[in-house]
Amino acid sequence: MASPRRPRATGIEDRNLLYASEAGTTPLSSTIRDLFLRPSEGGMSAVVHRIALFGPHGDITNIVSQMDVIKFFAARPEALGPLADATLGQLGVLDSAREVVSVDPHTPTLAAFAMLASRQLAGAPVVADTGDLIANLSISDLRTLTGEHLGVLALPVAEFLALRHDTTYIGYSVHTSSLAQHAYFNAAHRQIGPGKNDIALFTVVPATTFKDLLAKFVERHVHRVYVVESLERPRVCAVITLTDVLRLVTSLAT
């Protein structure tokens with residue numbers, strides 16, 4: 001029997017490959033560990049965010065994303081055993097947290113995205129002078145941005161997001177900005193995600209259980225959440241991404 005033809009790679013791609021006929025017999029734990037997290041030489045991990053299933057002729061038959069795996073566990077918390085009801089504090093998420101890279105709300109938006117790119121980050125919390133979380137800056141905020149609109153990236157991050165989300169952040173408001181009527185900020189470009197200005201939509205606290213963390217990812221369809229001291233005192237303690245969740249699942253399963 002001829003070997004299946006693998007799809008041709010084109011440059012650096014954020015995906016791995018799995019032969020469709022093997023998908024039904026490949027354990028989920030192995031899929032997460034070996035395909036999503038991709039351990040490489042030297043103990044490093046070359047993470048990908050989606051796996052392409054391909055047929056015998058190299059045709060892509062399906063795509064499985066990290067979010068798909070999170071949805072699977074969120075719908076079946078019993079599969080996680082004791083992990084489901086453990087809190088983030090009990091799981092040591094705060095003890096092992098990496099440095100939180102944040103964005104100053106007064107920084108020009110272009111400079112903020114340049115910083116994210118240099119750190120290989122897809123998003124970061126926007127933190128006020130008081131230390132409180134006020135918003136989330138993500139590469140998804142660049143959706144629909146075209147060449148003629150690049151000038152809006154000179155705006156301070158807080159003003160850019162206020163216009164983007166039709167709201168107000170620390171004095172920057174859609175109601176007072178001189179660029180409120182700019183073509184890029186018309187109704188067609190606003191409100192990427194419902195009520196995104198509400199920090200409760202993308203924050204959790206140390207007492208949040210693991211199953212509730214999964215539910216937050218799924219219900220809000222976000223790719224990162226911020227652990228804060230409390231909703232009344234939203235100081236960011238840690239950032240949890242979909243990749244972090246998969247790493248936690250595999251580390252506790254081994």
Could you tell me if the side chain of [Y] sits less than 4.5 Å from the side chain of [X], heavy atoms only?
X	Y	value
Ser140	His223	no
Val47	Arg247	yes
Leu116	Leu137	yes
Thr167	Val174	no
Thr203	Val227	no
Thr87	Val93	no

Looking only at heavy atoms, what is the nearest atom pair of [X] and [Y], with distance?
X	Y	value
Ile51	Phe36	CD1-CE1, 3.5 Å
Leu248	Ser251	O-OG, 2.9 Å
Val48	Leu35	CG2-O, 3.1 Å
Thr61	Gly55	CG2-N, 3.9 Å

key: Nearest-0.5 Å distance, NZ of residue Lys216 to CG of residue Leu214   = 12.5 Å
key: Value rounded to 0.5 Å, distance of CD in Gln66 from CZ in Arg50   = 8.5 Å
task = Verify side chain to side chain contact (heavy atoms under 4.5 Å, CB included) between Ile240 and Leu88, making sure each step is shown before the conclusion.
result = CA-CA 10 Å; Ile240 303 177; Leu88 300 181; 4.0 Å; yes
request  = Salt-bridge test for Asp132 and Arg235: reply yes if a basic N is under 4.0 Å from a carboxylate O, no otherwise.
outcome  = yes
task = Just do the side chain to side chain contact (heavy atoms under 4.5 Å, CB included) check on Leu242 and His49 with the steps written out, would you?
result = CA-CA 9 Å; Leu242 299 180; His49 296 89; 5.8 Å; no
request  = Go through the steps to decide whether Leu121 and Val101 satisfy the test side chain to side chain contact (heavy atoms under 4.5 Å, CB included), and finish with yes or no.
outcome  = CA-CA 9 Å; Leu121 297 173; Val101 177; 3.8 Å; yes
ask   = According to the interplanar angle, ranging from 0 to 90°, do the rings of Phe160 and Tyr184 count as parallel (below 30°), tilted (30 to 60°) or perpendicular (above 60°)?
value = parallel
task = Please work out which of the three classes, parallel, tilted or perpendicular, describes the rings of Tyr226 and Phe202, given edges at 30° and 60°.
result = perpendicular
Test of ring centre spacing under 6.0 Å for His149 and His182 = yes
Hydrophobic cluster membership, Ile134 vs Val127, 4.5 Å side-chain cutoff = no
query = Does a side chain donor of either Asp244 or Thr241 reach within less than 3.5 Å of an acceptor in the other side chain?
reply = yes
